[in-house]
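First up is the structure itself, then whatever we jot down about it.
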2 protein chains.
Amino acid sequence: MARRGPRGGGPAKRDRILRAAIKIFSQKGFFNSKVSDIAQAAGVADGTIYLYFKNKDDLLISLFEEKMAEVVADVRERVAAGDGALSRLKIFIENHMGLLLREAGLIEVLQVELRQSNKFMKDYVPVKFLEYLDVISEILELGKREGTFRQDLNVTVARRAVFGALDEMALAYVLSRKRKYDPADAASEIYRLFAEGLCTTAQNREGRT
Amino acid sequence: MARRGPRGGGPAKRDRILRAAIKIFSQKGFFNSKVSDIAQAAGVADGTIYLYFKNKDDLLISLFEEKMAEVVADVRERVAAGDGALSRLKIFIENHMGLLLREAGLIEVLQVELRQSNKFMKDYVPVKFLEYLDVISEILELGKREGTFRQDLNVTVARRAVFGALDEMALAYVLSRKRKYDPADAASEIYRLFAEGLCTTAQNREGRT
DNA sequence: TCTAAATGAATGATGATTCATTCAAGGGGA
DNA sequence: TCCCCTTGAATGAATCATCATTCATTTAGA
C-alpha cells in the first residue's frame, strides 16, 4: 500500500506536485496557471493532483502553510542565536532578504498570492504567516525588556512596519527583472533605518511630535 | 455626439463604470469579478463597457492610473503645505492612512490587485504609483538638504521602507473586519518609528552596526 | 430621418474536475 | 521459481459550467 509509485518516481509524489506548483504559480500567478500546467511540470497526470489535494485552492493553501512552516522554523532557529534584540533584529532582516536568493520561487508566490487569498478565500487564516509576524514581536518585546527599545513602542504597529518594509523591498526585487540592487545591502539599510531612524541627531527628534 | 446618455444618466457614463468596477473588484477581486457584475452595478449593459474600455484588463488599469493620479495630485498639494521634511513626512503618513477612510474601495483594490498586475501584465508600468513613491523621495531629499536626515540615508531603500510600512498597516486594516485599530493612531506610531527609530537613546544606537 | 450610443443574447474558448479504465507490485498457491 | 489475482495508485479524455467579448438590432437626440 505505501508504495513509492510504479514509475519508480523520485521523492514523494505529493512533494513533486507542490514544487511544480511553486514553479508555475510564481511564473504565471494563481489564476493564470492551469492545473494541467502543474501536472505537466510535475510529470504527473492531471487527475493525480486530485488524489493529493482537494482542489486548486487547496493546492495553493497547502503550499503556503507547509512551506511557510519551514521558513518560520528556520528563522526562529537563526534568530535564537543572536545576542540581544538588536542583534536578533539584524539577523531577522538579513534572513528575510536572503530568502530572495534561497527560495526565490516560494517568495514570488507569497508576495503576490498571499494577499489575494487572505482577502478572498472566505475562511482561510494564514496561521503560519501570523507566526512569522510573531517572531518579530518577540524580538521587539525582548528589546523593551532589555531596555534597548523605547518602552512606549507599540509592538502591534511596529512589527507590521518592519514586515512591511521588508516585504516591499522584496517585492521591488522580485518585480525588477534587472535585479538592480543587492538584497544584502538593502538589508543593512533597513536595519539602520529601524535601529537609528531617519534623523541625524537626537536634537532633531525632540523638535517635533 | 457628446450626448449625456439617453436614459438621462447621471455624470459621465464612463465614470459610473469606473466606480462600479472599484466596488466590485474590491469586493470580489479582479479574477472573481464578472464583467456583467460590473455592468449591473453601473446600471449599464454588458456591451456598453466595451465602448469605454478595451477589455477587462484595460478597465483595471484605467482605474489604477486615473484614480492614483487624483491621489497623487492631492497628496502633493497637502504635503507642500508642510514646513520642513519632518512635517511633510508626517503629513504624507497621515494622508496615506486617512485614505483608508476616504477612499476605502479604491485602496482595497490597489492593495490586492496592483501587485498581481505589476507582475503579470506583461507591459504594464504603474506610472502613477511610481509618482506616489517619488513624493516620498522628494521629502527624504529635502530632509537631507536641510540636514534633518542623515546624509548617508539611502533614499531608494528608505522610500520603499516607508511605503511598505504604510502599505502593510493599510492591508492589516483592510483585512481585519473588526477594524481593531484607528488609522490615525497607527499613523502617528509609524511617524515616530521613522523619525526616532526603535531605540531608547543615542547610546544604544552607537553600540552596534 | 439620420446617426451614434446602447443593448443584451449568442458565441466560443477555456479549463477545473470527474471517473471509467489501465497499470503494476506484492502475495499465495502450485 | 513461476503465475495469477487483488488492490490501490495513476491516468487523461470527456464533461460541463463559466464568462469575456462580439455584433445585429434598437433607441432616442438632433
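Chain A is the first sequence line, chain B the second, and so forth, proteins listed ahead of strands; every chain is numbered from 1.
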Could you list by number each residue of residues 21-35 of chain B showing a heavy-atom separation from DNA chain D of less than 4.0 Å, or answer none if no residue does? B/S33, B/K34, B/V35
Please list, chain by chain and in numerical order, all residues satisfying salt bridge (charged side-chain N to carboxylate O under 4.0 Å, His left out) with A/K128, sequence neighbours excluded. A/E131
Integer-rounded Å distance: C/dA6 P and B/R14 CZ: 13 Å
Which residues within residues 49-57 of chain B lie with some heavy atom under 4.0 Å of an atom in DNA chain C? B/L51, B/Y52
How many whole angstroms separate atom CD of B/Q40 from atom C1' of D/dC19? 15 Å
Quick check for you: to the nearest 0.5 Å, what is the distance between A/K90 atom NZ and A/R192 atom CZ? 11.5 Å
Let me check something: any side-chain donor-acceptor pairs from residues 36-46 of chain A under 3.5 Å, sequence neighbours excluded? List them with distances.
from: A/D37; atom 1: OD2; to: A/K28; atom 2: NZ; distance (Å): 3.2
from: A/D37; atom 1: OD2; to: A/K34; atom 2: N; distance (Å): 3.2

If only atom types and distance count, is the side chain of B/R78 paired as donor or acceptor with the main-chain N or O of B/F92 below 3.5 Å? no
Presence of B/K13 side-chain N/O under 4.0 Å of C/dA5 phosphate oxygens OP1/OP2: no
Within less than 4.0 Å of OP1 or OP2 of D/dT11, is there a side-chain N or O belonging to A/T48? yes
Donor-acceptor pairs under 3.5 Å, side chain of residues 55-62 of chain B to any protein atom, not counting sequence neighbours: which ones?
from: B/N55; atom 1: OD1; to: B/D57; atom 2: N; distance (Å): 3.2
from: B/N55; atom 1: OD1; to: B/D58; atom 2: N; distance (Å): 2.9
from: B/K56; atom 1: NZ; to: B/F30; atom 2: O; distance (Å): 3.0
from: B/K56; atom 1: NZ; to: B/S33; atom 2: O; distance (Å): 2.8
from: B/D58; atom 1: OD2; to: B/K54; atom 2: N; distance (Å): 2.9
from: B/S62; atom 1: OG; to: B/D58; atom 2: O; distance (Å): 2.7

Per B/D46 side chain, nearest of listed nucleotides C/dT17, D/dT21, D/dT11: D/dT21
Suppose we screen for side-chain contact (heavy atoms from CB on, under 4.5 Å). Which residues come up paired with B/A187, at least two apart in sequence or across chains? B/I93, B/E94, B/M97
Worked check of salt bridge (charged side-chain N to carboxylate O under 4.0 Å, His left out) between A/R14 and A/E66: CA-CA 12 Å; A/R14 185 187 148 93; A/E66 294 175 31; 2.3 Å; yes
In whole angstrom, give the distance that lies between atom CG of A/D58 and atom P of C/dA16. 15 Å
Okay, side chain of A/Y132, backbone of A/F163: is any donor-acceptor separation there less than 3.5 Å? no
